[in-house]
Each structure stands twice: as structure tokens, then as C-alpha cells.
There are 2 protein chains.
Amino acid sequence: MKRSSSDNPHDSLTPRQREILDFIRANLDERGAPPTRLEICQAFGFASPNAAEAHLRALSKKGAITMEAGSARGIRLAEHPGGLPLIGSVAAGSPLLALENQRGKIQIPPNLFSARADYLLQVRGNSMTGAGILDGDLLAVHRTVDARSGQIVVARLGDEVTVKRLKRRGGRIELLAENPDYPPIVVSGPLVIEGLVVGLIRDGRTL
Amino acid sequence: MKRSSSDNPHDSLTPRQREILDFIRANLDERGAPPTRLEICQAFGFASPNAAEAHLRALSKKGAITMEAGSARGIRLAEHPGGLPLIGSVAAGSPLLALENQRGKIQIPPNLFSARADYLLQVRGNSMTGAGILDGDLLAVHRTVDARSGQIVVARLGDEVTVKRLKRRGGRIELLAENPDYPPIVVSGPLVIEGLVVGLIRDGRTL
DNA sequence: CGGATAGCTGTATGAAAATACAGCCATCCA
DNA sequence: TGGATGGCTGTATTTTCATACAGCTATCCG
């Protein structure tokens with residue numbers, strides 16, 4: 001019963017292993033504690049606790065979970081435990097998600113918004129106040145290069161990272177601020193769409 | 001060693017019991033599983049596992065936790081298990097948090113913002129666009145009657161629930177919109193402060 | 001073909017954990 | 001004055017769990 005052969009030890013789980021991992025996750029969500037070997041057996045119809053044990057060992061070896069030896073319900077998810085990385089000021093020329101740009105993690109479920117959020121970006125400046133985006137707000141960004149006209153995007157122009165509304169006018173691409181003090185940017189140089197703004201979080205301090 | 005006497009079975013914990021509950025919460029957050037009796041003993045310096053057992057029984061009787069009998073690490077928090085209630089349109093005259101007003105739960109850690117959020121309220125209308133609060137936004141509200149001048153509050157005037165900036169001018173209380181189309185409200189009748197706006201969440205759909 | 005890996009059954013065993021029983025001391029309340 | 005409650009010590013006893021050992025059947029790779 002084998003099919004995909006992962007010579008690399010630290011990645012792709014088999015479908016069965018993914019099922020087990022999902023079960024562990026579900027247990028954690030719904031009951032607030034990881035399952036025992038026996039509970040896994042019952043859920044999957046195994047006759048032997050060793051079946052569960054072997055699966056856990058495999059998941060552990062592949063890095064999907066860790067196990068506290070000798071502890072009841074000692075299964076721990078290795079996953080990013082719920083938080084999204086917060087990107088602050090971006091160092092010139094560096095990729096947004098580079099570790100040097102990360103200011104920490106924020107406890108937000110990635111599926112909170114209508115599209116999956118990959119990271120949070122803190123807004124600097126007032127160029128988007130007209131869209132209700134204020135200085136200091138956190139923007140939830142979905143990583144994609146596939147942006148349509150009219151959407152608010154995180155874009156990179158050379159070394160500069162900026163948040164603007166994207167407009168395609170005929171063959172031209174424009175980045176529009178939502179503030180009369182800021183003129184539209186007509187794109188000439190290389191433009192990289194870093195992602196789509198899919199949500200916004202503001203702390204009351206700034207209100 | 002007793003002081004507060006709760007004849008009511010389902011509320012106020014003693015300081016010690018609160019410490020125990022906090023420890024359980026911390027364990028759950030940091031390790032992903034509830035503690036065992038022994039772990040509680042070690043954390044608090046108890047010599048007997050029964051000390052922990054007794055505390056758990058007390059917490060269980062007061063409704064702060066539930067326990068799965070015969071299960072290792074069977075402590076479960078009785079708390080709103082993640083997620084703040086979302087309040088939509090408010091029925092006239094009913095308390096904000098009445099079940100009839102609740103539209104569901106949103107997976108947000110209550111401590112995401114600088115003050116604890118108790119529920120989320122969906123904004124209707126454009127009276128606060130100047131403060132970056134748009135129609136459809138979710139406001140994180142901290143329940144308190146203690147609001148200072150200049151803060152944005154959730155207030156009730158008679159049957160009407162509204163979000164405005166609170167101003168105390170001399171002896172007068174005013175509720176200010178942040179939109180020139182909406183005139184200030186000078187409070188004359190009974191005013192109830194339902195809470196303080198401590199955060200804002202906006203879905204990308206509306207951007 | 002001979003491993004290596006995946007996915008199991010079946011049986012043990014010892015450590016981990018829940019939980020009962022028997023007390024002790026203090027504080028509050030009726 | 002005598003419960004009732006809170007906060008513990010100390011000792012057992014029984015489950016629950018983790019985990020090792022021994023096998024079995026597949027499938028894929030070199």
C-alpha cells in the first residue's frame with residue numbers, strides 16, 4: 001500500500017497520514033486535548049494500538065507533529081500554532097516575508113476573511129484614508145499575483161512596497177491612492193503584485 | 001480561609017481558584033493540552049495530588065470547567081471556546097447580548113486588541129466614515145460603562161443603539177458622528193454606555 | 001530479487017494519571 | 001456551637017496510556 005514515495009523525509013504526507021493528522025486537529029479543536037492512541041484506533045477502526053503508534057511515529061518523523069515522551073495525550077501539532085506573521089517596515093529590496101521584516105505573530109485564524117490571509121502588513125502613512133485604511137492599521141494580505149482592476153493590492157515598485165488601488169486603463173497600469181493629497185502613480189518600471197488586501201484589523205488605541 | 005461566600009453555585013471563584021484556572025488556560029495555550037493533577041501540584045508546590053483534585057472539583061461545581069471522567073488530561077474549559085459573539089441588527093429594546101441579536105461566533109482571541117473584546121458589533125450606516133469606520137465593519141466592543149470624553153462608544157438612547165464619539169462639554173454630553181452629513185446629538189434623555197470600541201475588523205469584500 | 005516504506009494485527013508491560021478514603025486547620029455563617 | 005466551605009497532607013488503588021516486541025501483506029525502487 002504505497003504510492004507516492006517521499007525520499008525527502010520532511011514533507012509530503014501520505015493520504016492516510018493526512019487523515020490521521022486531520023483527526024488530531026479535529027480532536028484538538030472540538031475537545032481541547034489531543035487524542036490517545038486508543039481513541040485514534042477507535043476512530044479509524046484499527047484493532048491494534050500499534051497501528052496508531054506507527055502513524056504517529058511517521059507523522060513525527062516527517063515533522064508534522066511532536067510527541068512528549070511518556071505523557072498521556074502527548075501529541076503536539078508542529079504547525080504554526082494559529083498566528084499570522086506581522087510585517088512591519090520593509091527593508092529595501094528584501095522579500096516581504098523575509099524574517100528580518102517580521103515583527104511577530106498575531107493570533108488570527110487565516111480563514112477569518114473571505115479569502116485566506118497569509119500575513120499581516122502594518123500600514124504607514126495616510127494615502128488610503130479614503131478607503132477607511134488609516135495609519136497603523138494591519139492589513140490582512142492574501143499572497144497572489146492575480147489582481148483585478150479596482151482591487152486594493154500590495155505592490156512593489158523597485159524597492160518600494162506600497163498599498164494602493166490597482167487600475168488597468170487600456171494598456172496602462174495605475175496605482176491610485178484614496179486621498180486627494182496623493183497623486184496617481186502611472187506604472188512604468190517593473191511592477192510586482194505581492195498580494196491582495198483581504199481584510200483589515202485596527203486596534204482601538206488609534207481610534 | 002474563606003471570605004466571599006457564594007451562595008450562588010455558578011459564579012465567583014476564589015482568588016486561589018482563579019489562579020488554578022489561569023494555570024489550566026496557560027497550559028492549554030502553550031502546550032496544547034490540559035494539565036494533569038500532578039502537573040498542577042508541581043506548579044503550585046502541592047504535596048498531594050488530592051489538593052489539585054479538590055480544586056478541580058470546586059471549579060467544576062462552579063461551572064468554570066468540566067471534567068471527562070476517567071480520561072487522562074480530561075479537564076475542559078467551560079468558557080466560550082474561542083470566538084466572540086457577533087451582534088447584528090439589534091432588536092428594539094432588547095439587551096445587546098440577547099441571544100436573538102446574536103448572528104454567530106467569530107474566531108477572534110478576545111485579547112487581540114489593547115483592551116479585552118467582549119463581542120463584535122456590525123456597523124450599519126456611514127456616520128463614522130471620518131474615523132475610518134465603514135458600513136459593514138465589525139467593531140470589537142469592550143463592555144464597560146466607564147467611558148471618557150473623546151472615546152468612541154457603543155451607546156443606547158432609549159431603544160436606539162448607536163456608535164459615536166463621546167464628548168463631555170461642561171455638564172452636557174454629546175454624541176458626535178464623524179461625517180459632516182450627520183449632526184451632533186445632544187443627549188437629553190436616558191443614555192446608557194454599552195461599551196467602548198477597542199478594535200475594528202473589516203472583510204476585504206467591502207473594500 | 002532484496003530491501004525500504006506503508007499499513008496494519010495481536011500481545012504485553014510499566015509508567016502515567018484519575019480518583020477514592022482518611023485526616024488536619026482555618027474561616028465564615030446561622 | 002456546629003456545620004459548611006476552602007485549602008491543604010498522605011496513602012492507596014485502579015484505569016488509562018504510551019510504548020516495546022513479534023509478525024503479516026502490500027507496493028515501490030534499485
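The sequence lines fix the lettering, A, B, ..., with proteins before strands; numbering per chain opens at 1.
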Checklist entry - Could you state the CG-P distance from A/Leu13 to C/dT5, rounded to the nearest angstrom? => result 16 Å
Next on the checklist: Can you see if the side chain of B/Lys62 gets near the phosphate of D/dG6 - specifically, an N or O under 4.0 Å from OP1 or OP2?
Outcome noted: yes
Checklist outcome for this item: Within residues 44-57 of chain B, the residues having a heavy atom closer than 4.0 Å to DNA chain C are B/Pro49, B/Asn50, B/Glu53, B/Arg57
Next on the checklist: Can you confirm whether A/His55 sits close enough to A/Ile65 that some side-chain heavy atom of one is under 4.5 Å from a side-chain heavy atom of the other?
Outcome noted: no
Checklist entry - Which of the following nucleotides, D/dA18, C/dG7, C/dA17, is nearest to the side chain of A/Ser71? => result C/dA17
Next on the checklist: Distance check needed: D/dA18 P versus B/Arg73 CZ, whole Å only.
Outcome noted: 9 Å
Next on the checklist: Are the side chains of B/Ile106 and B/Ile201 in contact, using a 4.5 Å heavy-atom criterion?
Outcome noted: no
Item to check | Under-4.0 Å side-chain N/O to phosphate OP1/OP2 contact, B/Arg37 with C/dT19 | outcome: yes
Checklist entry - Quick one: ring pair (Phe, Tyr, Trp, His ring centres under 6.0 Å) partners of A/Phe23, sequence neighbours excluded? => result A/Phe44
Next on the checklist: Tell me the interatomic distance from A/Met67, atom CE, to C/dA15, atom P, rounded to whole angstroms.
Outcome noted: 19 Å
Next on the checklist: Quick check on DNA chain D: between B/Ala58 and B/Ala72, whose nearest nucleotide comes earlier from the 5' end?
Outcome noted: B/Ala58
Item to check | Length of the line joining B/Ile40:CD1 and C/dA18:P, which is rounded to integer Å | outcome: 8 Å
Next on the checklist: Could you check whether any side-chain N or O of B/Asn179 sits under 3.5 Å from a backbone N or O of B/Asn126, counting only pairs where one atom can act as donor and the other as acceptor?
Outcome noted: yes
Checklist entry - Just wondering, are more than 12 heavy atoms of other shown residues or ligands nearer than 6.0 Å to CG in A/Asp146? => result no
Next on the checklist: I need the CD-P distance between B/Glu39 and C/dT19, as an integer number of Å.
Outcome noted: 15 Å
Checklist entry - Does B/Leu21 reach the side chain of B/Leu77, with side-chain heavy atoms less than 4.5 Å apart? => result yes
Checklist entry - Less than 4.5 Å apart, any side-chain heavy atom of B/Ile87 and any of B/Val161? => result no
Item to check | Protein-nucleotide distance (B/Leu38, atom CG; D/dT9, atom P), rounded to Å | outcome: 12 Å
Checklist entry - How long is the line joining CG of A/Leu21 and P of C/dG7, in whole Å? => result 13 Å
Next on the checklist: Using whole Å, what does the distance between atom P of nucleotide C/dG7 and atom CG of A/Leu59 come to?
Outcome noted: 9 Å
